[in-house]
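What follows is a single structure, written as structure tokens, with notes after it.
Below, each value reflects all heavy atoms present in this structure, side chains not excepted, and no hydrogens, waters or symmetry copies. Protein chains get the first letters and strands the later ones, always in sequence-line order, with residue 1 at the start of each.
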Protein chains: 2
Amino acid sequence: MNENVPNCKNNYLHKDKIEHAKSLLINDEDLFFVTQLFKILGDETRTKILSVLIEDELCVCDIAKILDMTKSAISHQLKTLRIAKLIKSRKIGKEVFYSLKDDHVFKIYKMATEHVAE
Amino acid sequence: MNENVPNCKNNYLHKDKIEHAKSLLINDEDLFFVTQLFKILGDETRTKILSVLIEDELCVCDIAKILDMTKSAISHQLKTLRIAKLIKSRKIGKEVFYSLKDDHVFKIYKMATEHVAE
DNA sequence: ATAATAGTTGAACAATTATTCAACTATTCG
DNA sequence: CGAATAGTTGAATAATTGTTCAACTATTAT
């Protein structure tokens with residue numbers, strides 16, 4: 001099943017190292033949620049949407065205009081962002097206004113930008 | 001081309017808002033690099049690899065054993081992480097040891113975990 | 001009530017990508 | 001040298017996913 005098990009003669013040599021590293025392995029629950037979050041942030045359209053919502057709420061149509069994309073495409077991505085609890089919405093008449101749920105995401109972006117800036 | 005342009009009667013109403021939001025739109029270069037980084041972090045295998053490299057370098061075979069995956073799969077992902085400059089490698093004999101390049105990534109993870117923890 | 005508009009939704013399509021497989025290189029050891 | 005081992009690589013496959021399209025709901029205005 002796993003080609004590696006019978007090989008790697010140095011197994012005994014690195015054994016302690018491996019055991020210790022195993023204890024550092026991220027647990028399944030954290031892994032799922034953190035990876036999920038990064039997957040959501042790893043899309044250009046969603047990043048753009050979040051960036052224009054920094055200071056104020058916007059309706060779907062506004063966002064579509066700013067990004068020069070269809071309302072449908074934007075709506076799909078807004079749904080993804082809403083399910084991930086990164087944004088929230090409120091309806092006024094026919095319009096639905098979206099805004100950021102908290103500033104955690106921007107701290108993450110800021111940190112990522114710092115990393116990238118090097 | 002864009003279904004939205006002729007619609008959205010409230011254009012005049014939200015005009016200032018839209019213009020201001022446009023100025024907040026993340027620029028193309030930052031967008032590319034930040035999204036690229038998050039794409040790389042948005043994979044369970046890569047996240048696991050980074051997590052086991054927190055404290056010490058490991059060879060490909062060690063990582064493969066810890067994650068119970070083939071050396072080939074691990075090697076492919078290590079290459080991705082190396083190209084993204086998240087890890088570095090050094091060769092000793094037949095073995096190639098991989099380690100984190102800096103601790104930026106873990107600050108990002110830490111922040112993401114905090115976000116997720118809510 | 002009818003028309004117009006804002007937004008949502010599901011299916012289809014296209015593009016991306018993680019893993020597998022097999023073949024390959026490089027290094028060590030007998 | 002030849003055998004064994006660590007790791008890499010490219011092609012193929014399978015799964016995921018972002019956008020489009022068309023049809024739909026909900027709200028407003030005439």
Ring pair (Phe, Tyr, Trp, His ring centres under 6.0 Å) pairs touching residues 41-98 of chain B, sequence neighbours excluded, are A:His14-B:Phe97
Would you mind listing every salt bridge (Lys or Arg N to Asp or Glu O under 4.0 Å) that reaches into residues 77-93 of chain B, with sequence neighbours excluded? B:Glu57-B:Arg90
For residues 28-39 of chain B, the side-chain hydrogen bond (donor to acceptor under 3.5 Å, both in side chains) pairs (sequence neighbours left out) are B:Asn27-B:Asp30
Would you kindly give the NZ-to-P distance between A:Lys71 and C:dA6, to the nearest whole Å? 5 Å
Atom-pair distance (CD on B:Gln36; C1' on C:dT16), nearest Å: 12 Å
Between the axis at one end of the helix from C:dA1-D:dT30 to C:dG30-D:dC1 and the axis at the other (five pairs apiece), what's the angle to 10 degrees? 10°
B:Phe38 CZ to C:dT16 P, in whole Å, measures 21 Å
Choosing from D:dT8, C:dG7, C:dT9, which nucleotide comes nearest the side chain of A:Lys79? C:dT9
According to the ring pair (Phe, Tyr, Trp, His ring centres under 6.0 Å) rule, which pairs have a member within residues 35-70 of chain B, sequence neighbours left out? A:Phe38-B:Phe38, A:Tyr109-B:Phe38
N/O donor to acceptor pairs below 3.5 angstrom from side-chain atoms of residues 101-108 of chain B, sequence neighbours left out:
| residue | atom | partner | partner atom | Å |
| --- | --- | --- | --- | --- |
| B:Asp102 | OD1 | B:His104 | N | 2.9 |
| B:His104 | ND1 | A:Glu118 | OE2 | 3.4 |
| B:His104 | NE2 | A:Glu118 | OE2 | 3.4 |

Using the rule given for side-chain contact (heavy atoms from CB on, under 4.5 Å), can you reason through B:Ile87 versus B:Ile49, listing the C-alpha separation, both sets of side-chain angles and the distance that settles it, and then say yes or no? CA-CA 10 Å; B:Ile87 61 175; B:Ile49 291 174; 5.6 Å; no
Please tabulate, one pair per line, each protein N/O and nucleotide N/O from nucleotides 20-27 of chain C that are separated by under 3.5 Å, including the distance.
| residue | atom | partner | partner atom | Å |
| --- | --- | --- | --- | --- |
| C:dT20 | O4 | B:His76 | NE2 | 3.2 |
| C:dC21 | N4 | B:Ser72 | OG | 2.6 |

Atom CG of B:Asp68 and atom C1' of C:dA18 are separated, to the nearest Å, by 16 Å
The side chain to side chain donor-acceptor pair (under 3.5 Å) partners of A:Glu55 (sequence neighbours excluded) come to B:His20
Taking any heavy-atom pair under 4.0 Å as a contact, classify A:Tyr98: base, sugar-phosphate, or nothing. sugar-phosphate
Check the pair A:Leu41, A:Leu86 against side-chain contact (heavy atoms from CB on, under 4.5 Å), reporting the backbone distance first and the verdict last. CA-CA 10 Å; A:Leu41 301 181; A:Leu86 300 180; 4.1 Å; yes
Just how far, in rounded Å, is P of D:dT9 from CD1 of B:Ile83? 9 Å
Please give, in whole Å, the distance from D:dT9 P to B:Gln77 CD? 14 Å
Give, ordered by number, those residues of residues 40-52 of chain A having at least one heavy-atom distance below 4.0 Å to an atom of DNA chain D; if nothing qualifies, reply none. A:Asp43, A:Thr45, A:Arg46
Measure from NZ on A:Lys65 to P on C:dG7 and round the result to the nearest Å. 9 Å
What pairs with B:Leu25 under side chain to side chain contact (heavy atoms under 4.5 Å, CB included), at least two apart in sequence or on another chain? A:Lys48, A:Ser51, A:Val52, A:Ile66, A:Leu67
From CG of A:Asp62 over to C1' of C:dT5, roughly how many Å is that when rounded to an integer? 14 Å
Linking Ile, Leu, Val, Met, Phe, Trp and Tyr through side-chain heavy atoms less than 4.5 Å apart, which residues share a cluster with A:Leu31? A:Ile26
Using a side-chain heavy atom cutoff under 4.5 Å and only I, L, V, M, F, W and Y, what cluster partners does A:Ile83 have? none
